[in-house]
Amino acid sequence: MVKPPCVLQIVGYSNSGKTTLLTKLIPILEKAGIRVGVIKHDGGHDFEWDQPGKDTWRYREAGASLVAITSKTKTAIVEQKPQELSVLIQRLADAGAQLVLVEGFKREGYPKLVLLRRPEDQELLSTVTHLVGIVGWSDNRQPGLPFFDINDIDNLATFVRERVSVWYCQN
């Protein structure tokens, strides 16, 4: 079995900027030599991965439990059942991820950066566990937690790079 990757969750309410933050952070970490995997939690929706009428969609509609597609540049596997976060993390580790960035899954027990966009988002600080830092649009400093302005991606990336090796990895 492959060594488990380190995991960092990015949590916040809907439209807080989690995806935008990750899309800015990922290329910096990859350029620094960290192989990054990403898992997104789609809490209340039934996402569609492929397009109606395409072959993979037709296979799923026909009842296949697993559908894979591969090309010269990428591979995707769609599984017709939900998976636990720990299983998804291990799958990304098996595929070579050194750091798994998880968007969402507020109740899981991995280190978390919390995004605070609006003043009412502050309540997340009392409900989310394993906080390692805060990212916000205005100064929301809290004792004992580093704070990063949403536009300070370089310092946030440095923070993540310096701590990848010290954040606990999956047991």
Side-chain angles (χ1 to χ4, degrees), residues 1-30 33-117 121 123-133 135 156-157 160 163-171:
M1 185 177 281
V2 175
K3 178 182 183 271
C6 293
V7 179
L8 175 63
Q9 292 181 249
I10 310 297
V11 299
Y13 290 121
S14 184
N15 296 316
S16 62
K18 298 180 299 290
T19 301
T20 300
L21 177 70
L22 284 169
T23 60
K24 292 177 179 177
L25 192 57
I26 291 165
I28 296 170
L29 297 172
E30 285 276 346
I34 299 170
R35 188 136 190 237
V36 177
V38 181
I39 298 171
K40 178 178 174 57
H41 186 232
D42 188 14
H45 308 96
D46 188 17
F47 74 91
E48 278 299 319
W49 183 265
D50 50 356
Q51 300 297 314
K54 293 292 189 179
D55 293 347
T56 53
W57 180 87
R58 292 174 59 202
Y59 300 145
R60 284 192 308 109
E61 288 296 305
S65 297
L66 296 154
V67 176
I69 185 170
T70 191
S71 71
K72 291 180 181 180
T73 59
K74 59 189 159 234
T75 298
I77 298 174
V78 178
E79 189 170 352
Q80 292 291 99
K81 72 175 192 172
Q83 284 294 348
E84 297 292 322
L85 180 56
S86 61
V87 171
L88 296 173
I89 290 168
Q90 187 57 54
R91 285 185 180 175
L92 290 183
D94 292 344
Q98 297 166 308
L99 170 65
V100 175
L101 299 173
V102 177
E103 181 181 331
F105 291 94
K106 290 180 190 85
R107 290 174 179 70
E108 293 289 336
Y110 299 99
K112 295 175 186 71
L113 286 172
V114 66
L115 270 74
L116 302 177
R117 184 172 199 134
D121 294 351
E123 68 92 13
L124 267 176
L125 296 173
S126 63
T127 61
V128 172
T129 61
H130 301 93
L131 287 178
V132 296
V135 180
L156 180 57
V160 172
R163 283 155 185 82
V164 162
S165 62
V166 297
W167 283 328
Y168 62 85
C169 297
Q170 249 192 327
N171 296 332

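- Between Gln83 atom CD and Ile89 atom CD1 the span is 12.0 Å, to the nearest 0.5 Å.
- Residues forming a side chain to side chain donor-acceptor pair (under 3.5 Å) with Thr56 (at least two apart in sequence, or on another chain): Asp50.
- Considering CZ of Phe105 and CG of Leu88, their distance stands at 6.0 Å, rounded to 0.5 Å.
- The two residues Leu22 and Pro27 make their nearest non-hydrogen contact at O-CD, 4.5 Å.
- The salt bridge (Lys or Arg N to Asp or Glu O under 4.0 Å) contacts involving residues 65-80 comprise Glu79-Arg91, where partners must be two or more places apart or lie in separate chains.
- Counting heavy atoms from C-beta on, the side chains of Val102 and Glu108 never come closer than 4.5 Å.
- Residue pairs that meet the salt bridge (Lys or Arg N to Asp or Glu O under 4.0 Å) test with at least one member in residues 14-30, sequence neighbours left out, do not exist here.
- A donor-acceptor distance shorter than 3.5 angstrom exists from the side chain of Arg35 to the backbone of Ala95, with no hydrogens or angles considered.
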Quiz item: When you look at Glu103 and Leu21, which way does the side chain to side chain contact (heavy atoms under 4.5 Å, CB included) test go after all the steps?
Solution: CA-CA 10 Å; Glu103 181 181 331; Leu21 177 70; over 6 Å; no
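- Across all their heavy atoms, Thr23 and Thr20 have their closest contact at OG1-O, 2.8 Å.
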Self-check item: side chain to side chain contact (heavy atoms under 4.5 Å, CB included) evaluation trace for Ile28 with Val160
Solution: CA-CA 10 Å; Ile28 296 170; Val160 172; over 6 Å; no
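- Residue His41 holds its NE2 atom at 15.5 Å from CD1 of Ile10, rounded to the nearest 0.5 Å.
- For the pairing with Leu101, the side chain to side chain contact (heavy atoms under 4.5 Å, CB included) check across Leu29, Leu113, Val7 returns one residue only, Leu29.
- Remark: the backbone N or O of Leu66 is not paired with any side-chain donor or acceptor of Gln80 at under 3.5 angstrom.
- Between Leu115 atom CG and Asn15 atom CG the span is 12.0 Å, to the nearest 0.5 Å.
- The nearest pair of heavy atoms linking Gly37 to Ala97 is N-CB, 3.9 Å.
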Quiz item: How far apart are the C-alpha atoms of Thr127 and Lys106, what are their side-chain angles, what is the distance that settles it, and do they pass the side chain to side chain contact (heavy atoms under 4.5 Å, CB included) test?
Solution: CA-CA 9 Å; Thr127 61; Lys106 290 180 190 85; over 6 Å; no
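- One N or O on the side chain of Lys112 and one on the backbone of Thr129 form a donor-acceptor pair closer than 3.5 Å.
- Val132 and Pro111 make their closest contact through CG1-CB, 3.7 Å (heavy atoms, listed as atom of the first residue, atom of the second, distance).
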